Amino acid sequence: MLFPPALCARLAGAPGAAEPLPVERDPTAGAAPFRFVPRPVRFPRDHEFFEDGDVQRHLYLQDVLTQVSEAPEKSMVPEFTCQVAGCCQVFAALEDYQHHYHMLHANTCSLCSRAFPSGHLLDIHILEWHDSLFQILAQRQDMYQCLVEGCLEKFKTSQDRKDHMVRFHLYPADFRFDKPKTSRGPAMPVAADLLARALQDDGAAMEVCSEPTALPPCTRTYNHRIPSTVCFGQGATRGFKSSKKKNKHH
Amino acid sequence: MWSGRQARFRPLACGVEELRRRRREREAALRKARREQHLVSKRLLREDAEGPCAAELLREVEVQQFLRLAQSGTDEKEREKALVSLRRGLQHPETQQTFIRLEGSVRTLVGLLTSNRALLQLEAARCLHELSHSEQSAVAEACLPATSYLLTYLSGHSSDFIELCLYTLGNLIVESEAVRKQLLPQGIVPALAACIQSPYVAVLEALGYVLSQLLQAKEAPEKIIPSILDSTLPQHMLRLMQPGPKLNLGVAVEFAWCLHYITCRLTGQLGKCQRSFLGLPTQVNNAVLITHGALATLVLLLLDLAGTVQRVDDAGLELLACPVLRCLSNLLAEVPVESEGEEMQLRDERVMAALFILLQFFLQKQPSLLPEGLWLLNNLTANSPTFCTSLLSLDLLEPLLQLLPLSNVVCILVLTVLCNVAEKGPAYCQRLWPGPLLSCVLNTLTLSDTEVVGQSLELLQLLFLYQPEAIQDFLQQSGLQALEQHQEEAQLRDRIRALQQTAIHA
């Protein structure tokens, strides 16, 4: 199909509408037995008119999905250690380190070293766990906000909030980023507190504590039993003995 | 400028002929699925990429072993390796079945997904991704306990991980209405609205994919589209479709399809908010300036596309052209093109120029899309003297006529457009004849398709009415004989007789 060369120039030219030629209709136009009426046409999604275009679209999607499911090649580098204080994980691929950093260090509470998957959850944590004004206000008004982004509901207690999330948002009852604050007072050292929680947890918990530098290299993961050689700076014996009190969460 | 999707293709072991054969098979399968109303794309084509023995079948005890090692192994590397082996095993459908039947398996996987070991998290996410691809509902739905976490992770910062979570969610979304019934209250729409502000192209493309799957759902018009239009998603979608140096083809394609699913569904009763988003006058008689301006964006994109196809030899551009054309066509059917005070862009001559450049592009690269382009041409010209005039003044009549012989569908559409022009009166018909049009129409009269011939007759009536001098030419070119061929056809008989009368009495 050859169109006039001026067409490309027109496309690149200034916006503008043609001055329409005069319209003058005769009443017998399109009259019986003829039937033509100019009409814009609309097609619903499932119309067969769209079949070819839809098939092309899905062929493309299938190719995309095939690519996505293959683990990407990593840029391998000489082994290096994460430089964040207290973290001693070793990496040999940049993508791995990037993911590690974002998941464990990017949204970390500077007060208790817990890591969160997003800034949103971190903000809520700081408010609810470390803000004394929050505690005061919470006695008078509903302060516990729903964790689901976009939901503006607030609740009197964290339990009420959990009930809301389970019932209204269909969240699991053991949602890992909604652990209620423990009832321990500030006198209990943070390290032992975390150790106790670690013992309670099923497998690995999201909360990570930044160990004091005197520790041995962290090559183990959290298990039900922390080997007695592990020291959180408090002495292993004390760590075990202080864990009698159960935490509220399950 | 435009950057195509990063190719992560691996070289395939088979030849070009084999590739073509497989593509034809896939195409046939997709057509069949569409006709049966379950055109979903999540099935992986793993058998194309690797040999038949790629995924070894794992026995139950092996699956258990890998899981146990991954969860409570002492050595970091061992745990990772175990999970990788599990993931590879999960490529096999039978292993997937074995896995979901094992008690606590999904719970363990979710535990690893939310663990403090980043690499285990990633591998666990990949395992879930494999499961989400399954055609077996039971397998895909086994991923449901993980969805609240997948959504939570969308507001993180690790782009690879977010991308993976998104594609997993996308697969789950098409699985069933039951899944969507869980995802919607879990806040998938706000989660996507937050995630769409990500600067990463791969994330945006994945998000567009997820959104397009969500919008394709059967219950979308009542249950999904309203909350999407209420969110900030529409303005971000349009932002990501703006032509300019930051436009990414892969991303724009996804959101253009999203827009298509939205506009396609908005038939008849459009709410005020929806009209506002689309850029349609919110009141019938007064054009009101829009806040989002979908229409303006689409027009700009159309112009940009037409410019790009001339410069860039990228076969992927029709993936974007198709939904853009569809959106424009459906929107134009919703609003009169030349109503009082409507936007200037709806009359801009460059739109006509762009459309013909794209028609040419389709002709060369993807002829099956020609009908869709001509559909837009119909909707542009039907009620618009301005666009009909543009078609004539830009000398586009002859290029249009060149399309007549291609297929019946194309032929009917071209004839309809010509009728749109002709019915506007003598000033227009004088530009249709004298010229090559008459002999082209006489050619179409020799075809056997009733609808094609019928449309030709309509055109002839208008031509004879407004440009009677054409009748002589018609007679000289043996027009009467051409008519006679069809005079017994029930659907054509009356019109043929009327034309014969007109021609004889002229």
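It should be emphasised that the depicted structure is a prediction, and the values quoted were computed from it without experimental measurement. In what follows, every chain begins at residue 1, and chains take the letters A, B, ... in the order their sequences are listed.
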Query raised in the report: Among B:L122, B:L151, B:L499, B:L183, who wins on heavy-atom pairs under 4.5 Å with chain A?
Result: B:L122
Query raised in the report: Any sub-3.5 Å donor-acceptor pair from A:S118's side-chain atoms to A:L121's backbone N or O?
Result: yes
Report task. Output yes when B:D494 and A:R35 qualify as a salt bridge under the 4.0 Å nitrogen-oxygen rule, no when they do not. Result -> no
Query raised in the report: Would you call B:E458-B:R495 a salt bridge at under 4.0 Å N-O?
Result: yes
Query raised in the report: Which bit of B:A306 is near chain A, if near means a heavy-atom gap under 4.5 Å: side chain, backbone, both or neither?
Result: both
Query raised in the report: Quick one: of B:E372, B:M352, B:H157, B:R326, who has the most non-hydrogen atom pairs under 4.5 Å with chain A?
Result: B:R326
Requested in this report: Counting only heavy atoms closer than 4.5 Å, note whether A:A12 contacts chain B via side chain, backbone, both or neither.
Outcome: neither
Query - Toward chain B, the part of A:F50 with a non-hydrogen atom under 4.5 Å - result: both
**Report entry** Greatest number of heavy atom pairs closer than 4.5 Å to chain A - which of B:R31, B:R23, B:Q182
**Finding:** B:R31
Query - Pair listing, side chain to side chain donor-acceptor pair (under 3.5 Å) test, anchored in residues 4-25 of chain A, at least two apart - result: A:R10-B:E349, A:R25-B:E423
Query - Heavy-atom contact with chain A under 4.5 Å, split by part of B:T147 - result: neither
Report task. Specify which of A:L170, A:L11, A:V37 makes the most heavy-atom pairs with chain B at under 4.5 Å. Result -> A:L11
**Report entry** Part of A:A6 within contact of chain B (heavy atom distance under 4.5 Å)
**Finding:** neither
Query raised in the report: Got a donor-acceptor contact below 3.5 angstrom from the B:T381 side chain to the B:F387 backbone?
Result: no
Query raised in the report: Parallel under 30°, tilted from 30 to 60°, perpendicular over 60°: which one fits the rings of A:H164 and A:F168?
Result: parallel
Requested in this report: Output yes when a side-chain donor or acceptor of A:R161 lies under 3.5 Å from a complementary backbone atom of A:C146, and no otherwise.
Outcome: no
Report summary line: Whatever's closer than 4.5 Å to a heavy atom in chain B on A:H120 counts as neither
Requested in this report: For each of B:L369, B:L164, B:V84, B:L396, tally heavy-atom pairs with chain A at distances under 4.5 Å, and name the one with the top tally.
Outcome: B:L396
**Report entry** Centroid-centroid distance, B:Y428 to B:Y466, less than 6.0 Å
**Finding:** no
**Report entry** Selection from A:A29, A:G30, A:G150, A:A32 maximising heavy-atom pairs under 4.5 Å formed with chain B
**Finding:** A:A29
Requested in this report: Just give me the residue among A:A106, A:A14, A:G119 that pairs up with chain B most often, heavy atom to heavy atom, under 4.5 Å.
Outcome: A:A14
Query raised in the report: chain A: which of B:A422, B:A427, B:A193 shares the most heavy-atom pairs with it under 4.5 Å?
Result: B:A427
Query raised in the report: Under a 4.5 Å heavy-atom cutoff, which of A:V41, A:D52, A:V148, A:D96 has the most pairs with chain B?
Result: A:V41
Report task. Please look at B:Q310 and chain A and tell me whether the side chain, the backbone, both or neither of the residue comes under 4.5 angstrom of a heavy atom of that chain. Result -> side chain
Query - Toward chain B, the part of A:Y101 with a non-hydrogen atom under 4.5 Å - result: neither
Requested in this report: Could you tell me whether the side chain of A:Q89 reaches within less than 4.5 Å of the side chain of A:Y97, counting heavy atoms only?
Outcome: no
Query - Mutual orientation of the aromatic rings belonging to A:F43 and A:F49 [parallel < 30°, tilted 30-60°, perpendicular > 60°] - result: parallel
Report summary line: When the 4.5 angstrom heavy-atom criterion is applied to B:C322 and chain A, the contacting part is side chain
Query raised in the report: Relative to chain A, which segment of B:Q364 carries a heavy atom at a distance below 4.5 Å: side chain, backbone, both, or neither?
Result: neither
Requested in this report: Check whether any side-chain N or O of B:Q213 sits under 3.5 Å from a backbone N or O of B:N171 as a donor-acceptor pair, and report yes or no.
Outcome: no
Report task. Flag the one option from A:E149, A:M165, A:E51, A:H100 with the top tally of heavy-atom pairs under 4.5 Å to chain B. Result -> A:E51
Report task. Sort B:L465 into side chain, backbone, both or neither according to what part of it lies under 4.5 angstrom from a heavy atom of chain A. Result -> side chain
Requested in this report: Flag the one option from A:A93, A:C151, A:P22 with the top tally of heavy-atom pairs under 4.5 Å to chain B.
Outcome: A:P22
Report task. Give, as side chain, backbone, both or neither, the part of A:L147 having an atom under 4.5 angstrom from any heavy atom of chain B. Result -> neither
Query raised in the report: Of the backbone (N, CA, C, O) and the side chain (C-beta and beyond), which part of B:R35 lies under 4.5 Å from a heavy atom of chain A, both, or neither?
Result: side chain
Query raised in the report: With no hydrogens and no angle check, is any side-chain donor or acceptor of B:T114 less than 3.5 Å from a backbone partner on B:G111?
Result: yes
Query - Validation row: B:S393, B:R431 side chains within 4.5 angstrom (heavy atoms) - result: yes
**Report entry** Per-residue contact mode, A:N107 against chain B (heavy atom under 4.5 angstrom)
**Finding:** side chain
Query raised in the report: With respect to chain A, which residue among B:L112, B:T152, B:L462 yields the maximal number of heavy-atom pairs within a distance under 4.5 Å?
Result: B:T152
**Report entry** B:R126 bridged to B:E130 by N-O distance under 4.0 Å
**Finding:** no
Query raised in the report: Are more than 12 heavy atoms from other residues, nucleotides or ligands located less than 6.0 Å from atom CZ of A:F80?
Result: yes
**Report entry** Which residues share a side chain to side chain donor-acceptor pair (under 3.5 Å) with B:S329, sequence neighbours left out
**Finding:** none
Requested in this report: Using non-hydrogen atoms and a 4.5 Å limit, figure out which bit of B:L154 sits close to chain A: side chain, backbone, both or neither.
Outcome: neither
